[in-house]
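The sequence lines fix the lettering, A, B, ..., with proteins before strands; numbering per chain opens at 1.
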Amino acid sequence: MPENVIVTSALPYANGPIHFGHVVGAYLPADIYVRFRRMRGDHVHFVCGTDEHGVAITLKAEQAGKDYQAYVDHWHKEIRRTLEELVGIRFDAFSGTSHARNPHHRELAQRFFLDLLHNGYLFEKTEEQFFSPSLGRFLPDRYVEGTCYLCGFDEARGDECPRCGKYLDARRLANPLCTIDGQPPVLKATKHWYLDLPKLKQEWVQGWFEGKAADWKANVKAFVANDLEELRERPETRDLPWGVPVPLPGTDGKVLYVWFDAPIGYLSISKQYFAERGEPERFERLWKDPSTRLIHFVGKDNITFHCLIFPAMLYGTKAGWIVPANVPANEFFQLEGRKFNTSTGWFIPEESVRGRFSTDALRYALCTMMPETADADWSWKEFQARVNADLNDNLGNFVARSLRFAERFLESELPPLGQPAPRDREILAAAGAAAADMAAAFLRFEFRRACQRLMAFSSECNRYYDEMQPWVLRKQDPARCRQVLRVCAELVHSLAILAAPILPDTAQKVLGAFLPAHDDAGRPSLPPGPLRVQPLPTLFTKVEDKVVEEELARLRAVAKGGTAAAPAAPPARKPDEKPATAGAPQAAAPAGAIAYESFAAVELRAGTVRAARRHPDADKLLVLEVGLGSETRTIVAGIAASYTPEALQGHRVVVVANLAPRKLRGIESQGMLLAADDAEGKPRLLTPGPGTPDGAKVK
RNA sequence: GGCGGGAUAGCUCAGCUGGUUAGAGCGAAGGCUUCAUAAGCCUUAGGUCGCCGGUUCAAGUCCGGCUCCCGCUACCA
C-alpha cells in the first residue's frame, strides 16, 4: 500500500557554498531515497530550502556590505544551483526562511511559539545580561571573562571556570571584561523565552525516543541517548535585528532564535509549496496525518536537534503535527583524510567537476563512499576506481555489448520472450532478487549496500552473457541467439530500473534504447512482445589517471600552504556551529580598513626560540622561551598541534612584543607569535628572513 | 583534559542478538574469451580480525585495561 512520506534534507545555511560533505550527508541520500520511494509507488514530498536567519548571516552580510536579504538571496541561488546541477538533486519544494522568500514562514514560526507558550513549554525570564556599551550588543556569557567567585581563578569565562570546572553565573564574576574588545561590560536587563526541555523530556520525549527508536540507525541512537541525559532549558529568543519577530507586545528588537525557526522551515516551505499550487488544504492534511512518515536526512552534527529538540517542539504545540519517523543521520565526510575547508582550499572546487564528470558518476561514487556508519572520505583514486570499474566496465559495458550485438548481428529485432530456457529463468529471477535486496537496503538507509548489490547483479548479467556466448550462437543457433539477446534486453532494462534512484540520467538514457518507447520508469519488465532496440551513445567514460593526478597535485599544493586555485568563498557555517548568541563577537570588527596608527601601535620583533616545553595543563599549548636580543620572553603559544618542543629549538619567529601579558592556563605569556593556518587549520609559524638579528623590528 | 567514533586481506569496507575452514569489491598474478568502451569470465591471493588479560565448551563478535587514529570541545586568535 502506498505510503505518504515527507522527506527533508537539512536546510543549508545561506552564508556560503555547500561542498561534497554536505551533499553526501543530507542531500544525495535523501534524493536517492525519494526516487526509490516514488518508483515504489509511494507519495513522496521532498522539502528543503535555505536557513536564512541567525547572527552569522547578519555579520557576514554586514562585512560584505549587503543588506541581509540580498546576502541570503545570493547564497540561496548558489546553493540551489549547485545541488540541482552538480548532483541532480530534485526537490519538490525548495524555498527559504526569510520573509521575502517565504511569506508563510514568519506566521508559522510565530504560531509554534505561541502554541508552546500557551501550553506551558515556553517560559519567560528576565535576566541581567552583560551588555557591551562600546559594541552596542548583548554579550553571550562565554565572551565575558572575570575572576571566578568559586575558586578565585582570574580568567574564568562567563559560562564555565576552566580551573574548577564549575558552571558559573556570569553576572557574579568579579572584574568582568568583554573578551572581544577588552572593555568592561555593563549589566542590563533583558527578557527571553526558554524552551522547557526538561519538562518536555519527562512528559514525552524520553518515552517517545526509547520506545520508537528500535529501527533507527545505531550511530544515531548512541548519540541521542547520550544527549538525552543533559537536556536543559534553552533560550529560544535573541536580541537581533534579523529574524522572525517575537509575536508578543513589547518585544521590539527580539526575534526567535535561528535554531528555533529553522526547522519550522520544513513546514513553512511545504505550506508555501501547496499554497502556490492552489491546494493549501493539503499542507495540514499531510503534516497532521499520523500515517505520514516524516524522515529527516541530516549530518551527524544535527542529530540532537532533529531527534530531540525539534520533535519536542512539534509535540509541545499540541497542534497535531507529526513527529519524525526516522532520522537517518550520516557521519562526517572528509576529503582525502582531512576536513573539507572552503577557506583554505581543502575542498573540491566546482571547476574540478563541472563538465568533467557526469552527475551520475558523482552520485554513484559519493554513494559508495557515504559515511553511513562511520566517518568516510572522498578519495580521487577511489572515485576513479568506482567510475571505471563499476560504472564503465561492469554496468556500462554490459549495456553496450548487449545493444551493440543486437544492432550489428540481429538487425535490432528481438523476438518475444516466449519460453525462456532454464538458465534464462535463472538470470531473470536474479533480477528480481537484486530488486528485493536493493529495496530492503534503501528502506534501511543502506545506500552503500544498494550500490554493491547493483554491481553484483550487473556482474551476474555479464556472466550470463559469457556463458551463453551469443557470438557463437549467432552462427550455430540463430534462433537461440535472438532469444538470449532478448533476455539480455530484459536485463538491461532491469539494470536501468534498479539503478534509477542512484543513476537517474543513465536510467533514462537506457530506457530510451527500447522501442516501442515506454516511459514508465517503475515498470518491472519490458512488454513481453517483440522488441526493437537501438544502440546508445557511450554511457560512461573512464576517469583518466591524469585527472586524478591533477586533483591530487592541487590538493598537495594546498596542503603546502600554496595558493592553489580556490574560489575565494566564505566558509560555510558548519551545521553544528551554533549561530552565535545575541551580540556575537565579530560584530565589533569593522569590515573595512584601519588607520595606519592602529597598525603602528603593534610592535613586532624577530626572535629565536631558546627553549620549549609542553604546557602542563593544555593540549594545544607550548611554553616557549624566546630570545629577542636584549631580553628573553616567556610566551605561551597554541601551536602544539603543529610543532614538537624539540623541533622548535632555534626556530626563528616573529613576536608581538608589546602585547599586554596574559595568563594562559596558569602561565603568563609575555607576547604572542605570528602564525598562519595551513590547509588543515593548523598554525604554521612565520619566520623572519636570514640575517635579521633577534630583536629586529618588523614593519 | 572532557565527550563521541574508529582500529578486520595492499586499498575501501561487510561481519546482527558469540558457534563449522573470517567475507565482498577494487588492486595484483595466472588462465580463458572476442559480442562489447583494451571491456567480460574463471582461478589464486593465505589477513596474530590494534595490544594484553578475563568470561565461556566456544569471541573480530561479550567484559576490563592499554596503545594509536579521527571528530567535537576546552586552553591558543
Visitor: NA contact type, A/Gln334, heavy-atom cut-off 4.0 Å: base, sugar-phosphate, or nothing?
Guide: sugar-phosphate
Visitor: Which heavy atom of A/Lys509 sits nearest a heavy atom of A/Leu536, and at what distance?
Guide: O-CD2, 3.4 Å
Visitor: From CE of A/Met369 over to P of B/C13, roughly how many Å is that when rounded to an integer?
Guide: 10 Å
Visitor: What is the distance, to the nearest angstrom, from the CG atom on A/Leu539 to the P atom on B/A39?
Guide: 16 Å
Visitor: Over how many whole Å does the gap from A/Asp437 atom CG to B/A24 atom P extend?
Guide: 17 Å
Visitor: Tell me the interatomic distance from A/Leu659, atom CG, to B/A77, atom P, rounded to whole angstroms.
Guide: 8 Å
Visitor: Could you check whether A/Asp424 pairs with A/Arg480 (Lys NZ or Arg NE/NH1/NH2 to Asp/Glu carboxylate O, under 4.0 Å)?
Guide: yes
Visitor: Go nucleotide by nucleotide along RNA chain B from the 5' end; which of A/Arg449 and A/Phe405 gets its closest nucleotide reached first?
Guide: A/Arg449
Visitor: Using atom P of each nucleotide, how far apart are B/A58 and B/G54 to the nearest Å?
Guide: 12 Å
Visitor: Between B/G25, B/U37, B/G40, which nucleotide has the shortest distance from any of its atoms to the side chain of A/Asp466?
Guide: B/G40
Visitor: Select base, sugar-phosphate, or nothing to describe what A/Thr541 touches, counting heavy atoms under 4.0 Å on all strands.
Guide: nothing
Visitor: If the threshold is 4.0 Å, N to carboxylate O, is there a salt bridge linking A/Glu407 and A/Arg532?
Guide: no
Visitor: What distance, rounded to whole Å, do you find between the two C1' atoms, one in B/G19 and one in B/U55?
Guide: 16 Å
Visitor: Taking salt bridge (charged side-chain N to carboxylate O under 4.0 Å, His left out) as the definition, give me every residue that meets it alongside A/Asp390, ordered by chain and number, with sequence neighbours left out.
Guide: A/Arg386
Visitor: Do the charged groups of A/Arg356 and A/Glu551 touch, with an N to O distance under 4.0 Å?
Guide: yes
Visitor: Can you check whether A/Trp471 stacks with the B/C35 base, using ring centres under 5.5 Å and planes within 30°?
Guide: yes
Visitor: With both distances under 3.5 angstrom, what nucleotide forms a Watson-Crick or G-U wobble pair with B/C41?
Guide: B/G31
Visitor: So, does A/Thr373 get its side chain near the phosphate of B/A14, meaning an N or O under 4.0 Å from OP1 or OP2?
Guide: yes
Visitor: When the C1' atoms of B/G53 and B/U67 are compared, how many Å lie between them, rounded to an integer?
Guide: 15 Å
Visitor: If you look at every strand shown and take non-hydrogen atoms under 4.0 Å, does A/Ala374 touch a base, only sugar-phosphate, or nothing?
Guide: nothing
Visitor: For A/Leu403, which contact category applies under a 4.0 Å heavy-atom criterion: base, sugar-phosphate, or nothing?
Guide: nothing
Visitor: Any idea if B/G60 is syn or anti, going by the 90°-from-0 cut?
Guide: syn
Visitor: Report the nucleotide, chosen from B/A14, B/A39, B/C41, that has the shortest atom-to-atom distance to any side-chain atom of A/Asn462.
Guide: B/C41
Visitor: What nucleic acid atoms does A/Ser402 come within less than 4.0 Å of, heavy atoms only: base, sugar-phosphate, or nothing?
Guide: nothing
Visitor: Could you identify the nucleotide paired to B/C26, looking across every strand shown and requiring Watson-Crick or G-U wobble geometry with both distances under 3.5 Å?
Guide: B/G10
Visitor: Select base, sugar-phosphate, or nothing to describe what A/Asn392 touches, counting heavy atoms under 4.0 Å on all strands.
Guide: base
Visitor: Given the P atoms of B/U12 and B/U33, what is the spacing between them in whole Å?
Guide: 36 Å
Visitor: Sticking with atom P, work out how far B/C51 lies from B/A9, rounded to a whole angstrom.
Guide: 11 Å
Visitor: Taking atom P in both B/C63 and B/G27, what distance in whole Å separates the two?
Guide: 38 Å
Visitor: Calculate the interatomic distance between A/Phe398 atom CZ and B/C35 atom P; express it in whole Å.
Guide: 16 Å
Visitor: Using Watson-Crick or G-U wobble geometry with both distances below 3.5 Å, tell me the partner of B/C49, or none.
Guide: none
Visitor: Expressed in whole Å, how much space separates the P atoms belonging to B/C52 and B/A59?
Guide: 15 Å
Visitor: Students often get this wrong, so: under 4.0 angstrom with heavy atoms, is A/Phe409 touching a base, only sugar-phosphate, or nothing?
Guide: sugar-phosphate
Visitor: Between B/G40, B/A77, B/A39, which nucleotide gets closest to the side-chain atoms of A/Asn397?
Guide: B/A39
Visitor: Is the shortest side-chain N to carboxylate O distance from A/Glu549 to A/Lys546 below 4.0 Å?
Guide: no
Visitor: Of the listed nucleotides (B/A39, B/A77, B/U37), which one gets closest to any side-chain atom of A/Asp393?
Guide: B/A39
Visitor: Of all the nucleotides listed (B/G27, B/A77, B/U37), which has the minimum atom distance to the side chain of A/Ala389?
Guide: B/G27
Visitor: Without decimals, in angstroms, what is the distance between A/Glu446 CD and B/A14 P?
Guide: 10 Å
Visitor: Measure distances between side-chain N and O atoms of A/Tyr465 and base N and O atoms of B/C35, and say whether any donor-acceptor pair falls under 3.5 Å.
Guide: yes
Visitor: Figure out the CG/C1' separation between A/Asn302 and B/C72, and round it to whole Å.
Guide: 14 Å
Visitor: Taking only the side-chain heavy atoms of A/Asp390 (C-beta and beyond), determine which of B/G25, B/A14, B/C42 contains the nearest atom.
Guide: B/G25
Visitor: Who does B/C76 pair with, Watson-Crick or G-U, both distances under 3.5 Å?
Guide: none
Visitor: With both distances kept under 3.5 Å, what pairs with B/G4, Watson-Crick or G-U wobble?
Guide: B/C70
Visitor: In whole angstroms, how far is the P atom of B/G4 from the CD1 atom of A/Ile303?
Guide: 14 Å
Visitor: How far does the P atom of B/G40 sit from the matching atom of B/G47, given to the nearest Å?
Guide: 27 Å
Visitor: Check this for me: does any side-chain nitrogen of one of A/Asp437 and A/Arg449 sit under 4.0 Å from a carboxylate oxygen of the other?
Guide: no
Visitor: In terms of side-chain heavy atoms of A/Ala385, which of B/C26, B/G71, B/C35 is nearest?
Guide: B/C26
Visitor: Which part of the nucleic acid, if any, lies within contact of A/Lys542, taking any heavy atom under 4.0 Å across all strands shown: a base, the sugar-phosphate backbone alone, or nothing?
Guide: sugar-phosphate
Visitor: A/Trp378 and ring-ring contact (aromatic ring centres under 6.0 Å, His included): which single residue from A/Phe347, A/Phe20, A/Phe332 fits?
Guide: A/Phe20
Visitor: OP1 or OP2 of B/C42 less than 4.0 angstrom from a side-chain nitrogen or oxygen of A/Arg463, does that happen here?
Guide: yes
Visitor: Using a strict cut-off of less than 4.0 Å between a Lys/Arg side-chain nitrogen and an Asp/Glu carboxylate oxygen, indicate whether A/Glu460 and A/Arg463 qualify as a salt bridge.
Guide: no
